[in-house]
Amino acid sequence: MAYPILLNPFFLFISLFILLMHLPIHQAINGGFSVKLIRKNSTNAHSHKRLRDITQTNSFAYLGEYLLELFIGTPPINTYGILDTGSNLIWTQCVPCDNCYKQLAPLFDPKKSSTYTNISCLSTKCKLIDTGVCSPENMCNYTYGYGDSSITQGALALETITLNSSTGHSVQLNKVIFGCGHNDTGTFNDHEMGIIGLGRGPTSLIYQIGSSFGGRKFSHCLLPFNTDISLSSEMSFGKGSEVLGHGVVSTPLVSKGDINLYFVTLLGMSVEDTRFDISNNPETIRKGNMLIDSGTPPTILQQKLYDEVFNEVRKRVPMNPISDDPVLGPQLCYRTLTNLKGPKITMHFEGGDVKLTPIQTFIPPKDGVFCLAFTNTSNEDTGIYGNFAQSNFLIGYDLEKDVVSFKPRDCTK
Ligand SMILES: *[C@@H]1O[C@H](CO)[C@@H](O)[C@H](O)[C@H]1NC(C)=O
Ligand SMILES: *[C@@H]1O[C@H](CO)[C@@H](O)[C@H](O)[C@H]1NC(C)=O
Ligand SMILES: *[C@@H]1O[C@H](CO)[C@@H](O)[C@H](O)[C@H]1NC(C)=O
Ligand SMILES: *[C@@H]1O[C@H](CO)[C@@H](O)[C@H](O)[C@H]1NC(C)=O
Ligand SMILES: *[C@@H]1O[C@H](CO)[C@@H](O)[C@H](O)[C@H]1NC(C)=O
Ligand SMILES: *[C@@H]1O[C@H](CO)[C@@H](O)[C@H](O)[C@H]1NC(C)=O
């Protein structure tokens, strides 16, 4: 879900000089570290409306985000944010709250933290957010919007952020730029207390971590949608997060103007052995036509490719789809008591093929129903590779080599 509004030019300009600045994060240790990601079980059905994509199709109305646990401030206050490679700001809801959604834990109170530092609107840090403006007190007021029209607005500030590594020691990051959200709207559920942007831009968590942990890189292994809720997905930062060995497919990152996100190039897709190319002439394929986004559950395809894949999948599944489900809307869904025998789908990325099985391509929104986890966009330029398709892969982002790597893995192990 959570990628910034790509199509609105207002959100596009981030001046280049910003990228040259060094962001002060201390506490260098030699090795990297790992953290656990959590998926909260929520029965709050309306909370998932926001999973609809910008195309306004009836998309997936179920739980679909991965949460990263953070401790903010001094003393550290526990909070959870959506893991989002499709945006660049770290934010959480704060008091005083002009307009916040309900969340389980108390809101973060900057007045109770000894390390909270205001950022002046005259500071170069304020200009890292292109919507940073001066409040009447000359504080940096930011506004940050997402593809599903969620918006957070508040004060850009510096804080100490602590991550609890899976080995039990904690990793402290000082003077991290984050958004203290005072006016937050969107259909978030009460477990989602903010968003942790992991894009390539200067305010993202990975950019701010920098190379302190042995390189600006991270990887994650996301559990499939229907996995036991007590298990957690794993995410690693820095040294040790590399995706190596047999079966790794790497695809180059493409820079797309000032949008600091993970764009790669999709050449086409296959359903079993039937291949659909984005274009008959490889020369005309737009570089960076696919955004890799852990914050969007479904994979969103350009219309022509979507229609081709949809029709081929429909042809190859030896069952009649259910099409009249009022909750699911116009999706390709099947009702079966056994696991769906869906076709193998291959993503032909520049640099290699990522082979998906029904675990990544069909999600079971309710017992006995399996739906194709793809949807369509009228945006010819960019599709989105969502988090359902990313599950059961170790996916590594190397911001120094500018590649994203995929390796099939059982993330429950
Ligand atoms: C989520 O919680 C509901 C209600 O407590 C329960 O029926 C359901 O099985 C749970 N789902 C998972 C995946 O644990
Ligand atoms: C909150 O933000 C919305 C836009 O996101 C704006 O319309 C509204 O006026 C803001 N409310 C306050 C109290 O600042
Ligand atoms: C930050 O700015 C706000 C608004 O001017 C002020 O109320 C608050 O005391 C400041 N916090 C710190 C730690 O300086
Ligand atoms: C700054 O943000 C606060 C909190 O959202 C809001 O109440 C205030 O109106 C904003 N001020 C300006 C000048 O944008
Ligand atoms: C930190 O992680 C360790 C190991 O995963 C866990 O035992 C501990 O409870 C966690 N601490 C907090 C404060 O969450
Ligand atoms: C998605 O595809 C369906 C069926 O092909 C079509 O009716 C709908 O208009 C498309 N939506 C968008 C946003 O392109």
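Throughout, residue positions are numbered sequentially from 1 according to the sequence presented. Indexing begins at 1, ligand by ligand and atom by atom, following the structure's order.
Per-atom contact check: atom 9 (O) of ligand 3 does not touch the protein, criterion being a heavy-atom distance below 4.0 Å.
The nearest heavy-atom contact from the protein to atom 7 (O) of ligand 3 is K111 NZ, 3.9 Å. Nearest protein heavy-atom neighbour of atom 13 (C) of ligand 3: Y116 O, 3.7 Å.
Remark: K304 NZ is packed, more than 12 non-hydrogen atoms of other residues, nucleotides or ligands lying under 6.0 Å away. Within 6.0 Å of the CG atom in N281, the count of heavy atoms belonging to other residues, nucleotides or ligands exceeds 12.
The six-membered or imidazole ring of Y397 lies near that of Y262, with a centre-to-centre distance under 6.0 Å. Ring-centre distance between F406 and F349: below the 6.0 Å cut-off. Between F237 and F33, the ring center distance clears the sub-6.0 Å criterion.
T115 and T74 share a donor-acceptor pair across their side chains, judged by distance under 3.5 Å alone.
Ligand 2 has a nitrogen or oxygen under 3.5 angstrom from a nitrogen or oxygen of N183. Backbone and side-chain nitrogen or oxygen atoms of N118 are examined, and one is located within less than 3.5 angstrom of a nitrogen or oxygen of ligand 3.
Those atoms of ligand 3 with a heavy atom of E137 less than 4.0 angstrom away are 5 (O). Under a 4.0 Å criterion applied to the non-hydrogen atoms of D98, ligand 2 contributes the atoms 13 (C).
For H182, no heavy-atom contact with ligand 2 is shorter than 4.0 Å.
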